[in-house]
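Only one structure is covered here, and it is reproduced in the block below.
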Amino acid sequence: MTTERQKALKRMKELVETISYHDQRYYVDDDPEVSDFEYDMLVKELERLESEHPSMVLPESPTQRVSGAPLDEFPQVEHKISMLSLDNCYSPEELRNFDQRVRKWLEDEPVEYVVELKVDGLSIALLYEEGMLVRGATRGDGRTGEDVTSNVKTIRSIPLKLGPSSGLATAEIRGEVYMPADSFRRLNSEREEADQTPFANPRNAAAGSIRQLDPRVAASRPLEAVFYALSHSDGSMPPTHFQCLEALRQAGLRTSPYVARFRSIGEALDHIMTWESKRDTAGFEVDGMVVKVDSLDQQRRLGHTAKNPRWAIAYKFPPKQMTTKLLEIRVQVGRTGALTPVAVLEPVEIGGVSVSRSTLHNEGEVKRKGLMVGDYVLVERAGDVIPQVVKPIVERRTGDETEFVMPTDCPACGSETAREEGEAVRRCVNASCPAQVKERLLHFCSRDAMDIEGIGPSLIDQLVDSELVDDAADLYSLSPSDLMGLEGVAERSAANIVASIDSSRVMGFERLLFALGIRHVGGTTARDLARAFGDIDAIISAPEEELSKVPGIGAVVASSVRQFFDRSENLSLIERLREHRLSMTATMPRSGPLDGMTFLFTGELRSMSRQEAGSLVESLGGNVASSVSKTVDFVVAGESPGSKLANAKKLNKKILSEGDFIDMAKAG
Ligand code: AMP
Ligand code: ZN
């Protein structure tokens, strides 16, 4: 090997190690050490070296996470050690019985228990050989599962190579793949945006994603994994389960963050009880707790039945499903005019939350589920907050139930509705339909869009009904006195709302593009478009085929974007927003235009206070430092700057004037 190649290989190894370390900090420990910007620079350098020396790409390189072509089907794999199920119980009494059985079997030896959250996802077995991840398999029927290695590799919290200090090298590790509650919500709203059927619950979403035949699709799904068992290790096994978990952590695997060990079943029970009421705070679906005998020696002696180990039991929490009566199906009009049937339910408590409404998505869904008004229905509260009607309880029908008929006129404005070919959704064709106007405004103000605080449905109703506001641009001409007469708006809140509207101007073009509420344009698509075209004028003048050339944007989205900008009322809305000084130019990649950049301010600024400047930087994704240091990227010098400026110059930092800084922030 030439020395140049040797040097490159050495650097590639270093980079792979450093990036894996930062992945671990970010995805496993939730405690990143470097900014996204610095991280991206490392990845870029590695990608460059790898493209120059393709034969030397390391198998554990983070660039290898998404690889391989789509499959026709998954190969079957046989589990060396069967993946058993868990025995279940639902009451303290049953759990005490479990403890008695265990102690009887062990002839009253002292027993310690480890208690873990039972994550509701799907189980996965990882095989590492000499430290390298060689296989990931689903449970299947317990004996044979599916080889989903290429999808497992896309999960960033799963190390491609085990940390050497753990002592684990050739080992089988078991855990659960799941979708966190907030990711689930986001994925579902993106799917709805794209007219795809949303997933019923996070478990289905996780299962559907890990069983994607195309690894690129799997990679786009926000999956996580936690590991709860070391089922086999070629080296020595630690003597207890608790220590096995410790070894997994050392190897760089995520384990349940809430593992606890107890000397008696009574203490374990107390712990379980405190979790029952907290289950929604975990950030993922928790369907119970698992109690395990800690000593592996005791586990071996207890053994297992045909189905379950005798040394563990799942304490299941009450299901998040209940039956209740479907009183009415009401039809709501959304911001794109879509008519959405919504189930009005007899209020029922599910997992501590009262549920009285649930979206039925579209008329096809009502038919598919076979729902009739007056039915008793099974309702599931999946993924933290979104209640779903699962199915009717046909056995409870009395004959008084009535068929649901989708209205042909808009229930809000009476205009006609239309259903385009191949679409599941019927829409009101009247663009100035008050229901649509209100929904568009609500969307514009929502958190992921312009994030305008203090504007909710009731205020929007009043603003539209009193003709103060017709569209988003009108918001920017509101004064506190316009708002003060409205119900529920006091002097103070009027001023706050106007301030919040005002500060939304700097939200960045990507958000604005999303906030416009163009059909099929979710947050990700808006970012893709902004990045590809750079500003609004380029998008407005782009022909449909050019739009569809952008990666991630298909024909449907392109046509929808084109239609939006072909309408004169939308163009005039854009012009008025521009007059209100909203940004129409794309910012930089990743979340904010100043993402990963650190600013230091010195001297007095003219157009804003230092504090305001600081919040502006933060709102755009940047950081503010208080002294000159290695991490500072830019020093903004106001009037009569202090000694910091001199220091910064010595360290060759980039110095910006106030004007430069504002241009940079505005570029957002
Ligand atoms: P069940 O599917 O209800 O029979 O429960 C058994 C399944 O619970 C196992 O196959 C695992 O996939 C899953 N599980 C979730 N969390 C844990 C955990 N901490 N320990 C063991 N199994 C778990
Ligand atoms: Zn209408």
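Ligands are counted one by one from 1 in listed order, and the atoms in each one are counted from 1 as well.
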Please say whether [X] places an N or O atom under 3.5 Å from an N or O atom belonging to ligand 1.
X	answer
Leu122	no
Lys292	yes
Glu116	yes

What protein heavy atom lies closest to [atom]? Include the residue and the distance to one decimal.
atom	result
atom 12 (O) of ligand 1	Glu176 OE1, 2.6 Å
atom 15 (C) of ligand 1	Val119 O, 3.2 Å
atom 1 (P) of ligand 1	Lys118 NZ, 3.8 Å

> Taking atom types as modelled and ignoring hydrogens, do the side chains of Glu94 and Ser91 form a donor-acceptor contact shorter than 3.5 angstrom?
Replying inline: yes
Could you check whether [X] pairs with [Y] (Lys NZ or Arg NE/NH1/NH2 to Asp/Glu carboxylate O, under 4.0 Å)?
X	Y	answer
Glu109	Arg301	yes
Asp471	Arg576	yes
Glu246	Arg249	yes
Arg135	Asp147	no

Is [X] close enough to touch ligand 1? Criterion: a residue heavy atom under 4.0 Å from a ligand atom.
X	answer
Met83	no
Leu117	yes
Lys316	yes

> If you count the non-hydrogen atoms of other residues, nucleotides and ligands that lie under 6.0 Å from NZ in Lys104, is the total more than 12?
Replying inline: no
Using a strict 4.0 Å cut-off to heavy atoms of [X], name the atoms of ligand 1 that fall inside it.
X	value
Arg139	9 (C), 10 (O)
Ser85	4 (O)
Ser123	10 (O), 12 (O)

>> Within the 4.5 Å heavy-atom criterion, are Leu339 and Met406 side-chain neighbours or not?
In response: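 Sidechains of Met406 and Leu339: in contact.
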>> Can you tell me how the ring of Phe284 sits relative to the ring of Tyr178, calling it parallel under 30°, perpendicular over 60° and tilted otherwise?
In response: tilted
> Hey, would you say the Phe317 and Trp275 ring centroids sit under 6.0 Å apart?
Replying inline: no
>> Heavy atom to atom 23 (C) of ligand 1, shortest distance: which of Tyr178, Phe227, Tyr228 holds it?
In response: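 Result: the heavy atom closest to atom 23 (C) of ligand 1 is in Tyr228.
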